[in-house]
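So the structure is just underneath, and the comments pick up after that.
Each chain gets a letter, A, B and so on, in the order its sequence line appears, and its residues count up from 1. In what follows, every heavy atom counts, from backbone to side chain, and hydrogens, waters and symmetry copies are set aside.
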Number of protein chains: 2
Amino acid sequence: MPRAKRRRKAVSTRDHLIAVSLALFNERGPDRVTTAQIAEAAGINEGNLYYYFKTKQALILTIFDRFEAAVDDLLDRDRAAGADPAAYVAFLTEWFEIVWRYRFLYRDFMGLIATAPELRRRIRAISDRIRDPVRQLIEHMRAAGLMDVSDEALDALLHNVWIVSTYWVVYLDVQEGVRALKKSHLEWGLKQVASLFQPHLSEPARHWLDGQSEADRSSV
Amino acid sequence: MPRAKRRRKAVSTRDHLIAVSLALFNERGPDRVTTAQIAEAAGINEGNLYYYFKTKQALILTIFDRFEAAVDDLLDRDRAAGADPAAYVAFLTEWFEIVWRYRFLYRDFMGLIATAPELRRRIRAISDRIRDPVRQLIEHMRAAGLMDVSDEALDALLHNVWIVSTYWVVYLDVQEGVRALKKSHLEWGLKQVASLFQPHLSEPARHWLDGQSEADRSSV
DNA sequence: GTCTATAATCAGATAGAC
DNA sequence: GTCTATCTGATTATAGAC
């Protein structure tokens, strides 16, 4: 079946281009990666790249679609998981991994929306949808007597959770020159976010969280 | 005295170029601003721009020098002020204003160090120097019984203070589409950082801080 | 699907007259 | 100091053979 073979090859080259582009964009930013460099890294000819993506922007938008799909998937699974704090740690961990995998989107955001303005709307929609379960978790914990925060403090806390959980990745990348996300980095990020919650926790919740981090350490 | 006049004009054109470039860089990022656009916005010819700055990078580095000088000045004055909490609010306010004024440096950091690698070292040195007085303030407050944090929590707190106080500007710029820094934005950023401290404060310190923010409000 | 060759554009930078 | 004219190089994108 030559038809099936042809099609499989096509998908494969396309996916390979996406993977190679993503790696290069994360490394240097989309503006500092040329189509010639992408083609070379992918082992194909530059002209051939334009067979798969009519423009460079189409390639970037395709990568953004995948980012969006990864978030959709995460949120779908989270809706099933409910407000269990353990599930929330897993949720945040996966969010961190997604942000890291597509970190150029946050790091080079300004340049991206300059040529693709609709990205501003789309990335803000994603931000809002991620924020929701976090707010819900806090409200659940508060209702269960595990957390003590005023409405005002809750609002500030949510903003800070968002800033830290998004930009710690950029911070590692840009300020610390981290090139590969190791487990220790993820743990560091989670610890930073946990430390935002910690002073607001009641005694039982604090004990539970301490138990969690010890379990994490022993499972390394 | 034609000589003095000539010299005054030269400085003025140069300063004007710097001011115009900074505005454009903050608006769109240095990569998306051409030397032609800078010259046009400054009302001079493109060729003339190269009389003042041999390369575009020299222009960027000159702006960075000014950023560094502004931080030096802030730190010099802080050393005189000591560990008074009121002085610390003033310190942080001015730091926020500086970060806002040169926000493209943090927002487009990756692109900048790609063409000027020494900037990574220099911006990290600045970060470290800003971090010092913050740590000292917290340690003073702890010694005075105004704050209750373990060594471990203090470390995490310092990192979060750094992340929030650096990236709240990018957050406003990128996520909220804020184009001009108003007093309300500065207050918002300060409130976000204050909310990192708040849950660690002892009762007397909390009362003092509440008094401060009310004083701020009534002085608007 | 993949390649070669090339068009079209545009940015950064220089030379030299005024 | 400031301008006009121009060059060089890089980058996105297309046409068309294989």
Filtered N/O pairs between nucleotides 13-18 of chain C and protein, under 3.5 Å:
unit_1, atom_1, unit_2, atom_2, d
C:dA13, OP2, B:Lys56, N, 2.8

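Between B:Thr13 and D:dT2 there is a side-chain polar atom (N or O) within less than 4.0 angstrom of OP1 or OP2. Contact annotation: A:Asn45 does not reach the phosphate of C:dC3 (side-chain N/O to OP1 or OP2, under 4.0 Å). The shortest distance between the side-chain N/O atoms of B:Tyr51 and the OP1/OP2 oxygens of D:dT2 is not below 4.0 Å.
Each salt bridge (Lys or Arg N to Asp or Glu O under 4.0 Å) pair with one or both residues in residues 104-113 of chain A, not counting sequence neighbours, appears once here: A:Arg107-A:Asp173. For residues 113-123 of chain B, the pairs satisfying salt bridge (Lys or Arg N to Asp or Glu O under 4.0 Å) are B:Asp65-B:Arg122, B:Glu68-B:Arg122, with sequence neighbours left out. Each ring-ring contact (aromatic ring centres under 6.0 Å, His included) pair with one or both residues in residues 14-37 of chain A, not counting sequence neighbours, appears once here: A:Phe25-A:Phe104.
Among residues two or more places apart in sequence or in another chain, the side chain to side chain contact (heavy atoms under 4.5 Å, CB included) test is passed with B:Asp31 by A:Arg32. The ring-ring contact (aromatic ring centres under 6.0 Å, His included) check on B:Tyr106 picks up nothing, with sequence neighbours excluded.
One atom, CG of A:Leu49, and another, C1' of C:dT4, lie 16 Å apart when rounded to the nearest Å. Regarding A:Ile60, its CD1 atom lies at a distance of 10 Å from the P atom of D:dT12, rounded to whole Å.
Ion pair B:Arg135/B:Asp128 not flagged as a salt bridge, since none of the NZ, NE, NH1 or NH2 atoms sits closer than 4.0 Å to an Asp/Glu carboxylate oxygen.
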